[in-house]
Protein chains: 2
Amino acid sequence: METPKNPTSIQHRIREGLSRVAMVMRVDDWNRAKRAGINPTQLSILELLEGRGDGLGVKEIAFHLGVSQPTATDSIAALERKGCVEKRQTETDRRGVSVAITTAGLTALRAGDGEESLANQATEALAAHEQEDLLVMLIKMIRQLQVNDAIPIQRMCTSCRFFAPFAHADAAQPHHCKFVDAAFGQRDLRIDCRDHETADAAIRAATWAVFENGRD
Amino acid sequence: METPKNPTSIQHRIREGLSRVAMVMRVDDWNRAKRAGINPTQLSILELLEGRGDGLGVKEIAFHLGVSQPTATDSIAALERKGCVEKRQTETDRRGVSVAITTAGLTALRAGDGEESLANQATEALAAHEQEDLLVMLIKMIRQLQVNDAIPIQRMCTSCRFFAPFAHADAAQPHHCKFVDAAFGQRDLRIDCRDHETADAAIRAATWAVFENGRD
DNA sequence: GCAAATAAATAGGAATCCTATATATATGCG
DNA sequence: CGCATATATATAGGATTCCTATTTATTTGC
């Protein structure tokens, strides 16, 4: 039941809360970017490209960032001027380019981190089990957005062909990663694993069904 | 235990997840703003001013938005040109101004909503009890940021003088709002209540202690 | 009464970000 | 084959955001 005045849905209030957290993350991004000598948007691109040696197309980058394609072109050009990325012509399609991070780009990215971020301060207000729950909820939310085609497939365990959810009886480390051939726990689930390899749609659906139902 | 390769902290991965969600919220904001005939930053300002009849100063607005004061001046001027806000001179301090939303501003704000947002789609991937947990976690995170002076006090129940946490035995509606004199549940906690009145620091601390420990 | 602090505006400039359009290449189909 | 359509990216043009540094007006403190 709602209090009589000012009624809102819980979805609305969650959105308000997320938006406050997003705001401090933007401040974090400015600080990190400043240390790296670039801008927040450019930093996002470098983060996206890190660990993707083969590079990404301009359109893909735009979709990942949630901006228009010309905006992505802009920022890629700015990064190129600074020597942080390089564009290669695609072999198969001569219209396309493949944007990849350079050594200089990786150095800039490294220069960015360090210093306690505000987002970390916020997360530290949560108990360990809450952090774990939050991570799992975020994975569920992100997966929903993927299913709805609102965002591209991320490099999360749940869409990876190496992921075997709840493969072990051990409650602390129920999952198995076939890439490293090791058991791991809920709190170790990856959002952006560079060893990720997207599984086929059918496999993804099956994996998700097991993951979602959990261990019971 | 981490998988051997690519080790990261759970804080880091939560940040990655939040940043993905923040990205789709930015897309939502563009869509809403476009419907309202303004820009995302301007929309944030209107949302901030809604329900604050007395208005806010330029510096306060900048702090709430996490931008510099001249940037806030810029966007306020843009809103003023469109007739969405008006500046009044402060009575007590003739240096200061008080920015308040106008009827036209409220109309624009209303024009913005409608349409299912991507953020809502994401939230709907969660079960009702998960949504409630998420809301409470966000409150804890935001409160931590306030305590650290990273963001201003929000209009959350937990800092409100009308809020009496866990005042009732009823597990479904343990809290009490002295403003409307009614019981309400965890899932009804407000992030941005327009009836909020900030309690004294000592009261806030006591209220928080009760809220945080929960019903046990 | 005057120095220091504060609120907001201004100056100057880079970068983001949009829509609309142009260019080059690929693909599909009769 | 040849042409229409689709796709990948770049360009054009323009509004706005966003920064740092500085200026202006006012208040506060000693």
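Naming convention: chains lettered A, B, ... in sequence-line order (proteins, then strands); numbering from 1 in each chain.
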Query raised in the report: Does A:E47 come within less than 4.0 Å of A:R32, counting only side-chain N to carboxylate O?
Result: yes

Report summary line: Rounded to whole Å, the CZ-P distance (A:R26 to C:dT16) equals 15 Å

**Report entry** Between C:dA8 (C1') and B:L56 (CG): distance, integer Å
**Finding:** 15 Å

Query raised in the report: With a 4.0 Å cut-off on heavy atoms, is B:S75 in touch with a base, just the backbone sugar-phosphate, or nothing at all?
Result: sugar-phosphate

**Report entry** N or O in side chain of B:R94 less than 4.0 angstrom from D:dT27 OP1/OP2
**Finding:** yes

Requested in this report: Kindly check if the number of other-residue, nucleotide or ligand heavy atoms within 6.0 Å of CD (A:E91) is above 12?
Outcome: no

Query raised in the report: Reckon B:S68 has a side-chain N or O less than 4.0 Å from the OP1 or OP2 of D:dC19?
Result: yes

Query raised in the report: Heavy atoms under 4.0 Å, any strand shown: does B:P40 hit a base, just sugar-phosphate, or nothing?
Result: nothing

Requested in this report: Using only side-chain N and O atoms of A:K87, determine if any of them is under 4.0 Å from OP1 or OP2 of D:dA10.
Outcome: yes

Query raised in the report: Contact class for B:T41 vs. all strands (heavy atom < 4.0 Å): base, sugar-phosphate, or nothing?
Result: sugar-phosphate

Report task. Rounded to the nearest angstrom, tell me the gap between atom CG in B:D93 and atom C1' in D:dT27. Result -> 6 Å

Query - Under 3.5 Å donor-acceptor pair, B:Q69 side-chain atoms to C:dA9 base atoms - result: yes

Requested in this report: Take atom CD of B:Q42 and atom C1' of D:dC18, then tell me their distance rounded to the nearest Å.
Outcome: 13 Å

Query raised in the report: Can you tell me if the side-chain N/O atoms of B:T73 get under 4.0 Å from OP1 or OP2 in C:dA8?
Result: no

Report task. Answer yes or no: does a side-chain N or O of B:N39 lie under 4.0 Å from OP1 or OP2 of D:dA15? Result -> no

